[in-house]
Amino acid sequence: MDCPHRQEAGVTGLPTLGLVDAVAVRLADPGTVPSVLQTHRQHLAYGPPGIALLHIERAANGLGPWQHAHGWLAAASHGSLTSGPDSHPFYGVPAFAHALACAADHLPGSYQHALDSMDRQIGLDVRRRLDVAHRRIDAGCLPQLAEFDAIRGLTGYGAYLLRRNPDSPMVRAVLDYCVRLIEPIWESGEDLPGWWTAMGPSGRPDEQFPGGHANTGMAHGIAGVLVLLALAARKSTITNGHLRALHTILAWLDRWQEETGRGATWPYWITRSELRTGRCAASELRRSSWCYGTAGLARAQQLAALATGDTERQITAENALAAALFDPDQLGAMTDHGLCHGFAGLTHIAVRTAADAHPSTVGRLRAAIPGLLAAICPVDNDLERAATALVSGTGAGPGLLDGAAGTALALLAADTAAPPQSAWDSCLLIA
C-alpha cells in the first residue's frame, strides 16, 4: 500500500514527497486514465512506459509498491509493440525496453527473457539505421534530425545501449557514427557542420529556415550527441576520433556562446544567414530548459568537461546554469511544470549538475533549487488539489516528458538529493 501523503517538508524545505505521493496515488491504476492507454500505449513521453518509471523509482526507493509498476508495464505491453522503422527510443519496443530495464535492475531475474528479446530487435533496428546513415554520409547528403537526435534517433538508441552494455560492439558502432556525423559537409558552395539539416526545427521544411539550420538542443540537436560521447568516455568506452569529435562540438558551441551580462547563453539553433555572417540575430532571451537553451547545454558541457578533465570549462558551464536559474527573464519565459521545457526539467538538471559540481559553484546551484521547487509545489500545501491539477487539469496530463509523472520524478530526485535509483533519466541524456 502507498504511504499516506507526507505533509512534512523534505530536505528541500517543501512538501515535495507529499506531492509525489499524491500524484502516484492518482496514477496507481492504469484503468483510471483510459485515454492514455488508447492513444499513447507505446509512448515513453506520454504513455504507460513513462508513467511506469514513476512507480519503478518510488519502489526502488522503498516509497511505494512494485505492484503499481508492474501494472503500468503490463498495460504498455497489452498488445503488440512496434519495432523497425516506425519505432524509436521514445516509441515502441525501445521505449518499453527502457522502462523494463529500469525495473529489472532492481528485480534480479525478472523480465530478463523479454529484455533479451527486445535487445536483439533493437540491435537489428540500430544496425539498419546505421547502414542508412552511413550511406547518406557517403553520398554527401545532409541528415534529418530524426537520424541522430535523442528522441527519435541514434543518439537516443546510443543512450539505451550504453546503459545496457557499455562495452558492446553496437555501442562502439553508434559512437563511430557520431564521429562521422561531426565531419563537415560541402553543400551549395558552403562548408556546413555534419549535423546541419535542410529542414526546420520541426523536422519539416520551414520557410523561416531557408537553407536549414544547425540545432544545438538536447532533444533534437548536437548537445545530445555531445552528452553521448561524454558519457561513453566517462565509462572508458572510446572509439577512433571520439575525443576529436567531442572537442569539435565544444568548439562550435564556444563559437556561438553569447554573454548577456548575467551569464553565458547559447542559441537554440543557427540559421544559414547567421552562419554566413558569423553572428546570431538579435532576439529576446529565450527560456532555459532541457530540450533547448542554456540549462541542457550547460549540463552537456559540464559532462564533457568532466570526461576530458577540463576544470575551466566545467566551472564556466556550471556558472552559466546558475545564472540561468536565477535570471528573471529566462524563468519568466517558463509556462509549465514539465521535464521537457518546464520547471521540473530545470530542477532536475540543477540537482544533477550540483551533484557533479566543482566546489566553487555547488553552493550557488543548490541555492537555486528551492525556488524552482516553489514554482511547482502549492503555496497553500493543498497537495490533493495540486496533484489533481498536474494529472488531469488543464496541463499536459499524466505522462513523463510534459506531464505529472515526469514532474513527480523530478520532485523525488530533488527531495532525496541522490541520483535516481532506477536511472530513469538516462533516456534524457543528462546522466
Just by distance, with hydrogens left out, do [X] and [Y] show a side-chain donor and acceptor under 3.5 Å apart?
X	Y	result
D176	T239	yes
E318	Q302	yes
R26	T388	yes
Y111	H70	yes
Y160	N165	no
H242	N240	no
E259	Q257	yes
Q314	D310	no

Contact between [X] and [Y] at the side-chain level, heavy atoms closer than 4.5 Å - yes or no?
X	Y	result
P420	L409	no
H337	L390	yes
D327	T294	no
L175	I238	no
L275	L192	yes
Y46	V36	no
Y292	M218	no
L37	V33	no

For [X] and [Y], work out which heavy atoms get closest and say how close.
X	Y	answer
A354	R366	CB-CG, 3.9 Å
A320	A264	CB-O, 3.7 Å
I51	W72	CG2-CE2, 3.5 Å
R163	A101	NH2-O, 3.6 Å
L297	P267	CD1-O, 4.2 Å
L73	F96	O-CE1, 3.3 Å

Given 3.5 Å as the limit, does a donor-acceptor pair link the side chain of [X] with the main chain of [Y], or not?
X	Y	value
S83	V93	no
S288	A324	no
W66	I56	no
E384	A22	no
H98	W424	yes
E57	Q421	yes
D149	R152	yes
T361	H358	yes
E274	T271	yes
T237	A233	no

Taking atom [atom1] of [X] and atom [atom2] of [Y], what is their separation to the nearest 0.5 Å?
X	Y	atom1	atom2	result
H88	T82	NE2	OG1	9.5 Å
D119	L161	CG	CG	7.5 Å
N319	L365	CG	CG	8.0 Å
W290	I349	CH2	CD1	8.5 Å
L17	L411	CG	CG	9.0 Å
H341	L401	NE2	CG	8.0 Å

Intermediate values then yes/no, side-chain contact (heavy atoms from CB on, under 4.5 Å), V227 and I430: CA-CA 7 Å; V227 173; I430 57 175; over 6 Å; no
Would you call R313 and D254 a salt bridge, using N to O less than 4.0 angstrom? yes
Between D329 and R287, does any NZ, NE, NH1 or NH2 come within less than 4.0 Å of an OD or OE carboxylate oxygen?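 Salt bridge flag = no for D329 with R287.
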Report the C-alpha distance between L142 and M199 in whole Å, list the side-chain angles of each, state the deciding distance to 0.1 Å, and finish with yes or no for side-chain contact (heavy atoms from CB on, under 4.5 Å). CA-CA 10 Å; L142 298 174; M199 305 297 174; over 6 Å; no
Could you check whether atom CZ of R204 has more than 12 heavy atoms from other residues, nucleotides or ligands sitting under 6.0 Å from it? no
Does CZ belonging to R279 count more than 12 external heavy atoms closer than 6.0 Å?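 Atom CZ in R279 is not packed in, count stays at 12 or less.
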Apply salt bridge (Lys or Arg N to Asp or Glu O under 4.0 Å) to D167 and K235, showing your working. CA-CA 9 Å; D167 296 322; K235 292 178 181 288; over 6 Å; no
CA sep, side-chain torsions, deciding dist, call: F343, L372, side-chain contact (heavy atoms from CB on, under 4.5 Å): CA-CA 6 Å; F343 282 102; L372 299 173; 4.2 Å; yes
Establish, for the pair R129 and Y157, whether the NZ or CZ atom is under 6.0 angstrom from the six-membered ring centre and no further than 45 degrees off its axis. no
Using the rule given for side-chain contact (heavy atoms from CB on, under 4.5 Å), can you reason through L253 versus L226, listing the C-alpha separation, both sets of side-chain angles and the distance that settles it, and then say yes or no? CA-CA 10 Å; L253 294 175; L226 175 63; 4.0 Å; yes
Is the distance between the ring centroids of H220 and W195 under 6.0 Å?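 When the ring centroids of H220 and W195 are compared, they turn out to be at least 6.0 Å apart.
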